[in-house]
Amino acid sequence: MKRFYVTTPIYYINAEPHLGHTYTMVVADTLARFHRARGSETFLVTGTDEHGDKIAAMAAEHGEPPKVYADRMSPLFQQAWQDCGFVVDQFVRTTDPRHERLVQEFLQRVYDNGDIYFSRYAGLYCTGCERFLTEKELVGGNCPDHKRPPELIEEENYFFRMTRYLPAVQQHFEAHADAIFPDHYRNEVLAMLASGGIGDLCISRPKSRLEWGIELPFDRRYVCYVWFDALISYVSGLKMHGEDTFRAFWPTAHHVMAKDILKPHAIFWPSMLLALGLPLFRRLLIHGYWVRGEAKMSKSLGNVIRPLDMKRQFGIDTLRYFLLREMAFGQDASFNEDAFVARVNADLANGLGNLVSRVLSMQQRYFAGCVQPLEGDTPADRDLQAAFAQALEEVPQWTEQLAFHRALEALWRALDRANKYVVDTAPFTLARNAQNLPRVGAILHRLLECLYTTAVLLSWFLPETSQKMFSLLGLDSPGHVPSNLGWGEHFPPGHRVRPPATLFPRIDLHRDEAAAPRPR
RNA sequence: GGCGGCGUAGCUCAGCUGGUCAGAGCGAGGGUCUCAUAAUCCCUAGGUCACUGGUUCGACUCCAGUCGCCGCCA
């Protein structure tokens with residue numbers, strides 16, 4: 001059986017889920033559903049990163065122990081993703097004992113192999129970044145991101161002998177052109193590797209400075225530093241379901257993330273895997289930022305659109321549609337309310353929603369919902385069918401290439417044709433004369449087939465909508481992507497479809513604002 | 001400073017290896033239908049394809065330089 005393993009980064013619990021997190025989840029969820037529809041067994045891992053200076057500091061600010069703080073914050077993510085309906089197979093908390101044990105086991109293994117050494121280190125440390133800064137990075141003596149001076153710290157730490165594995169990592173990415181997507185991020189990684197500027201990786205913090213972390217198994221005075229802890233969640237999430245699950249899924253791993261954490265995933269992680277004697281992940285899938293004006297949507301900056309509020313107000317599929325349709329995966333995209341409303345109204349309300357409404361309405365009015373025989377074969381009929389046959393071919397292809405915006409565009413081209421078909425064939429005019437009713441029935445049957453095919457192709461993009469459509473059609477989802485349209489085979493003789501329902505109400509911001517404050 | 005990338009109609013963007021490539025969607029204006037969520041459908045955009053040179057019979061598409069954005073690295 002084919003398998004597909006997809007991960008998101010584990011999210012740092014210093015803030016609530018934001019749009020960036022949500023986008024990553026939507027992509028991972030969409031990929032998992034797509035591969036499942038293609039017949040693969042899938043596994044999705046996400047989670048929360050709960051260790052580190054910043055978390056300890058935030059907990060202290062709230063006057064609570066770090067674990068209490070983490071126990072309060074982590075469920076915000078878990079609950080959010082559940083509310084959004086994402087198909088999470090394992091939610092990994094880095095404070096989970098199962099995860100901690102694996103991190104320790106891995107640390108010990110690498111240590112035993114001689115790839116971890118002890119050394120003195122001095123540098124300028126920014127607690128905001130949780131890393132050492134170079135002199136050159138400073139702006140006016142301050143950290144450029146956090147606008148405050150770093151501390152001069154000199155201490156002894158453990159280092160992972162990453163340099164030993166960099167040539168092999170470089171070879172791997174040279175040999176596997178698709179291992180990092182999109183291409184230009186692979187080029188950046190290769191440039192980084194070729195520059196020779198990458199050294200060994202500091203993987204510890206003395207407990208005297210930071211207690212909130214996983215203890216090094218070979219030195220109890222130290223805890224593990226972030227990446228050696230966090231990245232291993234991709235493995236621990238699988239191992240929590242057993243060694244067989246790990247062995248089955250790991251080689252198919254697809255790590256989805258935003259571009260800011262490319263380096264740890266493309267350099268540190270493969271080095272770690274090589275040191276551990278594990279196969280490398282299959283691919284890194286790197287997406288851009290949602291920008292609003294100039295600033296990026298980051299967890300440290302304030303201008304955050306609250307995805308859960310949007311979900312509550314407009315529904316998860318409306319949010320999913322906008323995110324997937326508006327961003328070309330890999331590039332930045334801008335998020336603003338006008339674009340959101342325009343897109344949703346034009347495509348979802350006026351396009352898909354209205355088509356469903358008008359077709360089911362006529363089916364109800366002229367035939368009491370009873371589906372009529374599919375007969376006749378006019379040029380318009382063939383045209384319509386060709387449009388959907390093309391969508392059935394293109395949508396999965398574009399999805400496979402992570403061009404979600406193109407996939408949806410392709411599907412909407414077909415939907416536009418369906419709306420045009422209604423006008424061109426004018427069943428509502430034909431229906432005035434009883435002798436035309438067989439033709440009217442055939443036209444509507446074809447349109448119902450359009451909705452069926454659309455529901456199939458939306459099943460990984462807009463799962464809720466897809467389900468609603470199948471329910472309106474009175475049919476079950478086939479659960480997979482069929483190889484051909486199969487029009488004429490879905491509705492048994494005498495089958496009744498349900499009366500129309502509003503899938504996506506038009507958004508009228510001005511009226512909402514005038515009438516009442518929008519719910520938040 | 002080194003190396004990507006980008007700059008195409010009001011907006012968001014397509015345009016692969018040069019010759020129906022000057023396009024799509026949205027917005028805006030006009031019209032039609034009435035099944036439908038005042039939705040659908042049809043018509044309407046003359047934008048020097050950032051700028052300047054060059055290669056070529058011919059460049060938005062190749063080359064060089066300039067300006068402006070952005071990313072990565074140092």
Side-chain angles (χ1 to χ4, degrees), chain A residues 133-138 180 182-199 258-264 266-267 286-289 291 293-296 318 322 325-328 330-367 380 384 398 401 403 405-406 408-413 415-432 436-437 440-441 443-444 447-448 450-451 472 499-508 511:
Chain A
L133 305 175
T134 62
E135 303 261 359
K136 285 180 187 167
E137 284 178 288
L138 302 185
I180 301 178
D183 269 355
H184 80 271
Y185 288 117
R186 169 170 169 265
N187 296 339
E188 278 181 9
V189 168
L190 287 174
M192 250 186 270
L193 287 163
S195 76
I198 300 168
K259 59 187 179 182
D260 56 333
I261 48 175
L262 172 61
K263 184 174 175 179
I267 311 267
I286 317 297
H287 71 252
Y289 291 136
V291 295
E294 285 300 289
K296 69 173 185 179
T318 299
F322 181 81
R325 177 65 182 79
E326 204 73 7
M327 176 178 268
Q331 294 182 268
D332 289 354
S334 65
F335 191 108
N336 70 72
E337 210 165 49
D338 290 344
F340 181 82
V341 172
R343 189 101 248 170
V344 167
N345 280 344
D347 295 359
L348 294 181
N350 301 348
L352 174 60
N354 186 54
L355 179 67
V356 168
S357 180
R358 69 198 307 200
V359 170
L360 292 180
S361 172
M362 283 188 278
Q363 190 63 241
Q364 202 61 37
R365 175 182 300 212
Y366 304 137
F367 302 104
L384 180 71
W398 286 123
Q401 296 170 41
H405 65 307
R406 286 235 187 287
L408 290 168
E409 194 182 24
L411 177 54
W412 255 256
R413 263 198 298 277
L415 287 170
D416 288 346
R417 294 289 280 282
N419 267 319
K420 183 172 162 49
Y421 177 79
V422 175
V423 172
D424 289 349
T425 57
F428 41 85
T429 303
L430 294 177
R432 288 172 190 158
N436 290 329
L437 280 179
V440 172
I443 288 169
L444 292 177
L447 287 163
L448 291 170
C450 291
L451 300 185
L472 287 170
T502 299
L503 245 35
F504 302 98
R506 275 180 67 82
I507 302 172
D508 188 342
R511 203 182 58 195

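The model shown is predicted, which means the values in this text are computed figures rather than measured ones. Order of the sequence lines sets the chain letters (A, B, ...), proteins ahead of strands, with each chain counted from 1.
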Name the closest nucleotide to the A:K420 side chain, picking from B:C42, B:A36, B:C33.
B:C42
So for A:N350 and B:A39, does any side-chain atom that can act as donor or acceptor lie under 3.5 Å from a complementary atom in the base?
no
Between A:R365 and B:A36, does any side-chain N or O lie under 4.0 Å from OP1 or OP2?
yes
When we call it a touch if two heavy atoms are under 4.0 Å apart, what does A:S361 touch: a base, just sugar-phosphate, or nothing?
sugar-phosphate
Selected nucleotide, minimal atom distance to A:R506 side chain, candidates B:C35, B:A39, B:G71:
B:A39
Presence of A:R343 side-chain N/O under 4.0 Å of B:C26 phosphate oxygens OP1/OP2:
no
At under 4.0 Å between heavy atoms, what does A:D183 touch on the DNA or RNA strands: base, sugar-phosphate, or nothing?
nothing
So which protein nitrogen or oxygen atoms get under 3.5 Å of nucleotides 12-16 of chain B's nitrogens or oxygens?
from: B:A14; atom 1: O3'; to: A:R406; atom 2: NH2; distance (Å): 3.2

Of the nucleotides B:C35, B:A36, B:U37, which has the atom closest to the A:L503 side chain?
B:U37
More 5' along RNA chain B: A:T429 or A:A346, using each one's nearest nucleotide?
A:A346
Give A:A349 one of three labels, base, sugar-phosphate or nothing, depending on what nucleic acid heavy atoms sit under 4.0 Å from its own.
base
Give a yes/no on whether any side-chain N or O of A:R432 is located under 4.0 angstrom from OP1 or OP2 of B:U34.
yes
Which whole-number value in Å describes the distance from A:L430 CG to B:U34 C1'?
14 Å
